[in-house]
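Contents: one structure, followed by commentary.
Values in this document were obtained by computation on a predicted structure and should not be read as measured data.
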Amino acid sequence: MKKGVLSVIVATMGIYFVYWFNRSIYETVTLSSGTENVSEFSLHTFSNVYKIMAMSIGLLGLYLGVISMKNKKKIAITGITLSIIVIIISFLSLYEYYLRFKTPVNPQTTISQ
């Protein structure tokens with residue numbers, strides 16, 4: 001597989017990884033808010049681990065994109081752009097935006113019957 005295409009695939013997987021992690025943190029916070037509190041230390045620790053993993057995925061995509069750019073491949077620009085997006089959004093706490101809008105985890109449970 002060419003490095004430019006691989007860069008785009010890795011960056012896309014990184015974007016999905018960041019989305020999945022933030023969604024799971026949101027579900028953890030909303031599901032545990034009614035019962036017992038989740039310690040902020042554990043959330044902060046897991047958040048740091050996932051940020052490092054997302055940064056690593058983004059840097060791998062960036063590396064593959066730069067190698068492909070040296071070979072004059074046009075798809076490398078897309079891979080580099082997506083990798084930079086992964087690196088940027090890995091620093092954002094997107095689950096706080098989910099909590100701000102207070103959307104339910106399972107929308108079918110809130111529909112009145």
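- Taken together through direct or relayed side-chain contacts under 4.5 Å among Ile, Leu, Val, Met, Phe, Trp and Tyr, Met13 and Ile85 form part of one hydrophobic cluster.
- Proximity of Phe21 to Met53: side-chain heavy atoms (C-beta onward) are nowhere separated by under 4.5 Å.
- If you chain together hydrophobic residues whose side chains sit under 4.5 Å apart, Tyr63 and Ile80 never meet in one group.
- Screening Ile9, Val10, Val8, Val5 against Leu64 for a side chain to side chain contact (heavy atoms under 4.5 Å, CB included) leaves a single residue, Val10.
- Under the 4.5 Å side-chain heavy-atom criterion for Ile, Leu, Val, Met, Phe, Trp and Tyr, Phe91 and Leu59 are members of the same hydrophobic cluster.
- Under the 4.5 Å side-chain contact rule for hydrophobic residues, Leu60 and Phe17 share a cluster.
- Lys3 places none of its side-chain heavy atoms less than 4.5 Å from the side chain of Asn71.
- In this structure, Arg23 and Tyr19 have side chains that are in contact, with non-hydrogen atoms separated by less than 4.5 Å.
- In terms of heavy atoms, Met69 sits closest to Ala76 at N-CB, 3.6 Å.
- Here the side chains of Trp20 and Tyr50 are in contact, with some heavy-atom distance below 4.5 Å.
- Of all non-hydrogen atoms in Gly61 and Ser7, the two that sit nearest each other are O-OG, 2.8 Å.
- For the atom pair Leu6 CG and Ile67 CD1, the distance stands at 10.0 Å (nearest 0.5 Å).
- Linking ILVMFWY side-chain heavy atoms closer than 4.5 Å, directly or via other members, places Ile77 and Val86 in two distinct hydrophobic clusters.
- Nearest heavy-atom pair across Ala11 and Leu82 is CB-CB, 3.4 Å.
- Between the OG atom in Ser90 and the CD1 atom in Ile15 there is a gap of 11.0 Å [rounded to 0.5 Å].
- For Ser56, the side-chain contact (heavy atoms from CB on, under 4.5 Å) test picks out Ile52, with sequence neighbours left out.
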